[in-house]
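Only one structure is covered here, and it is reproduced in the block below.
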Amino acid sequence: MPELPEVETMVRGLRPALEGRRLASAELHDPSMLLGCTSEELAARCVGAVVSGVGRRGKWVVVELADAGLIVIQPRMTGGFRLVEPDRPGHVRLTFRLASPDASIWFCDARRLGRILWFDGPEQADAAFARAHGPDALAIGRDDLAARLKRTRRAVKPALMDQKVLAGIGNIYADEILFESRLHPTRVSAELRPAEVDRLHAAIRPVLTRAIEAEGASFDAGYRTVLGLEGGFLAVNSMYGRAGRPCKGCGAPILKTKIPGLIGRPTYLCPACQPEKRPRARRDA
DNA sequence: CGGTTACCCTGGATGC
DNA sequence: TGCATCCAGGGTAACC
């Protein structure tokens with residue numbers, strides 16, 4: 001479920017509960033989700049360790065233990081954290097217990113698609129992240145984005161969702177960003193004109209920032225904040241989940257469709273505001 | 001190599 | 001009500 005804004009919201013929620021605190025224990029309830037060490041090793045390394053920082057890299061949650069290593073949690077589709085539940089929530093896969101005050105922090109994941117990674121130090125974590133990711137979507141520069149989009153002839157939407165191109169964008173925010181930039185999702189990435197890349201780049205940060213301010217996008221039984229609350233983004237967004245409703249730009253009904261290269265995932269677009277064909281150049285230089 | 005698809009999992013919603 | 005089917009925000013291995 002979570003994309004950059006949801007992961008950022010999780011991290012902001014976890015920080016006050018975890019940073020500077022000493023762990024009493026870490027219990028993994030599903031060993032198959034852990035990579036990089038055994039559950040016994042994870043437990044042993046966490047006992048008595050102090051959490052020196054909680055951060056985000058793309059869609060990764062990074063929990064840094066002082067002088068001990070790092071735990072990376074990838075929520076993927078259905079993972080999330082819970083604090084201060086009266087009772088243990090469902091589908092708990094990893095439990096952190098704090099030494100004092102006595103409290104639990106749960107990582108839950110109904111579909112168990114999430115991953116928990118152990119790294120011995122920040123260098124190893126950085127290297128692993130860099131192997132699979134481009135620059136963070138909130139930090140990427142315009143020219144860097146342009147160069148990366150130039151390298152592929154895929155449709156621009158799957159390119160935006162490719163974490164190696166830039167890190168943090170998934171299905172919901174790709175549609176929002178493409179709508180804001182008035183680009184059809186099937187436009188060939190490498191054929192975008194400089195002015196179109198300008199629009200795309202200019203849309204990324206405002207869309208993600210707005211979503212972070214809303215504490216992410218919740219629907220059905222999916223993502224919640226660490227307090228179990230719904231994020232508010234889908235009450236203010238333009239595209240995702242709004243099939244048939246009027247486009248905020250022109251009033252035409254929003255189309256829900258599928259595009260090649262993104263099997264099984266819905267794409268929302270405005271056929272009027274996001275023309276399918278590359279606009280003709282006035283003159284070929 | 002670049003691009004596409006299958007598949008990993010399961011719960012909840014929808015339809016018959 | 002009960003059962004089958006479909007759907008889902010991510011990521012990667014395998015394939016063409």
Side-chain angles (χ1 to χ4, degrees), chain A residues 1-10 29-36 56-61 72-81 89-93 107-117 128-134 137 148-179 185-191 207-208 210-212 214-225 230-235 237-243 256-268:
Chain A
M1 14 186 328
E3 307 179 34
L4 186 152
E6 289 76 30
V7 176
E8 179 64 27
T9 304
M10 289 176 193
H29 311 286
D30 184 343
S32 69
M33 295 172 72
L34 176 66
L35 302 170
R56 180 189 62 77
R57 305 276 249 117
K59 300 176 191 174
W60 288 12
V61 174
V72 165
I73 295 155
Q74 303 177 357
R76 297 210 183 166
M77 294 266 267
T78 47
F81 294 87
H91 312 296
V92 173
R93 310 301 178 190
F107 174 67
C108 309
D109 186 356
R111 279 166 74 181
R112 295 190 294 145
L113 294 171
R115 289 294 176 271
I116 297 156
L117 318 177
F129 184 86
R131 272 196 297 278
H133 297 80
R148 288 165 173 277
L149 292 172
K150 209 71 177 171
R151 281 184 219 150
T152 178
R153 294 199 53 79
R154 280 181 296 171
V156 63
K157 180 173 176 184
L160 273 182
M161 291 172 62
D162 182 344
Q163 304 301 295
K164 290 210 78 159
V165 174
L166 76 172
I169 296 171
N171 196 47
I172 290 181
Y173 298 105
D175 282 352
E176 297 297 319
I177 289 162
L178 289 166
F179 169 69
T186 61
R187 291 284 307 282
V188 176
S189 177
E191 290 179 357
V207 165
L208 297 178
R210 228 177 293 146
I212 291 169
E215 302 196 301
S218 291
F219 62 87
D220 297 342
Y223 158 82
R224 295 291 184 276
T225 70
E230 294 191 10
F233 185 70
L234 294 188
N237 76 324
S238 299
M239 287 286 124
Y240 187 90
R242 296 174 49 82
K256 179 182 184 181
T257 183
K258 307 264 184 200
I259 67 163
L262 270 186
I263 27 76
R265 289 200 177 86
T267 287
Y268 296 83

Base, sugar-phosphate or nothing for [X]? Non-hydrogen atoms, less than 4.0 Å.
X      : result
A/A132 : nothing
A/G114 : nothing
A/R153 : sugar-phosphate
A/P260 : nothing
A/K157 : nothing

Can you measure [X] atom [atom1] to [N] atom [atom2] for me and round it to whole angstrom units?
X      : N      : atom1 : atom2 : answer
A/E6   : C/dG9  : CD    : P     : 12 Å
A/R111 : C/dG11 : CZ    : C1'   : 12 Å
A/F219 : C/dC7  : CZ    : P     : 13 Å
A/D175 : C/dA8  : CG    : C1'   : 14 Å
A/M239 : C/dG9  : CE    : C1'   : 17 Å
A/I116 : C/dG11 : CD1   : C1'   : 16 Å
A/L262 : C/dT12 : CG    : P     : 16 Å

Taking the side chain as every heavy atom from C-beta outward, state whether [X] and [Y] have any pair of such atoms under 4.5 Å apart.
X      : Y      : result
A/P158 : A/I259 : yes
A/T267 : A/D175 : yes
A/K157 : A/N171 : yes

Taking [X] for the side chain and [Y] for the main chain, is one N or O donor matched with an acceptor at less than 3.5 Å?
X      : Y      : answer
A/Q74  : A/K59  : no
A/D162 : A/K164 : yes
A/Q163 : A/G168 : yes

* Asked: When rounded to the nearest Å, what value does the distance between P atoms of C/dA4 and B/dC9 take?
  -> 22 Å

* Asked: Which residues in residues 158-170 of chain A have at least one heavy atom lying under 4.0 Å from any atom of DNA chain B?
  -> none

* Over all atoms of both residues, closest heavy-atom pair of A/V7 and A/G58 -> CG1-O, 4.3 Å

* Closest approach of A/M10 and A/P75, non-hydrogen atoms and distance? -> SD-CG, 4.1 Å

* Extract, from 5' to 3' on DNA chain B, the first and final nucleotides lying under 4.0 angstrom from some heavy atom of chain A. => B/dG3 to B/dG12

* Using the six-membered ring wherever Trp is involved, compare the ring planes of A/W60 and A/H133 and label them parallel, tilted or perpendicular (cut-offs 30° and 60°). => perpendicular

* To do: By nearest nucleotide on DNA chain B, pick out whichever of A/D220 and A/R154 is the more 5' one.
  => A/R154

* Asked: Looking at A/Y240, does any N or O in its side chain come under 4.0 Å of the phosphate oxygens OP1/OP2 on C/dG9?
  -> yes

* **From CG (A/L117) to CZ (A/F129), nearest 0.5 Å** => 11.5 Å

* Asked: What distance do A/D109 atom CG and A/R115 atom CZ have between them, rounded to the nearest 0.5 Å?
  -> 8.5 Å

* Consecutive-pair stems (3 or more, Watson-Crick or G-U, under 3.5 Å) for DNA chain C -> B:2-8 with C:10-16, B:10-16 with C:2-8

* In a check of ring-ring contact (aromatic ring centres under 6.0 Å, His included) between A/Y173 and each of A/Y240, A/F179, A/F233, which one passes? -> A/F233

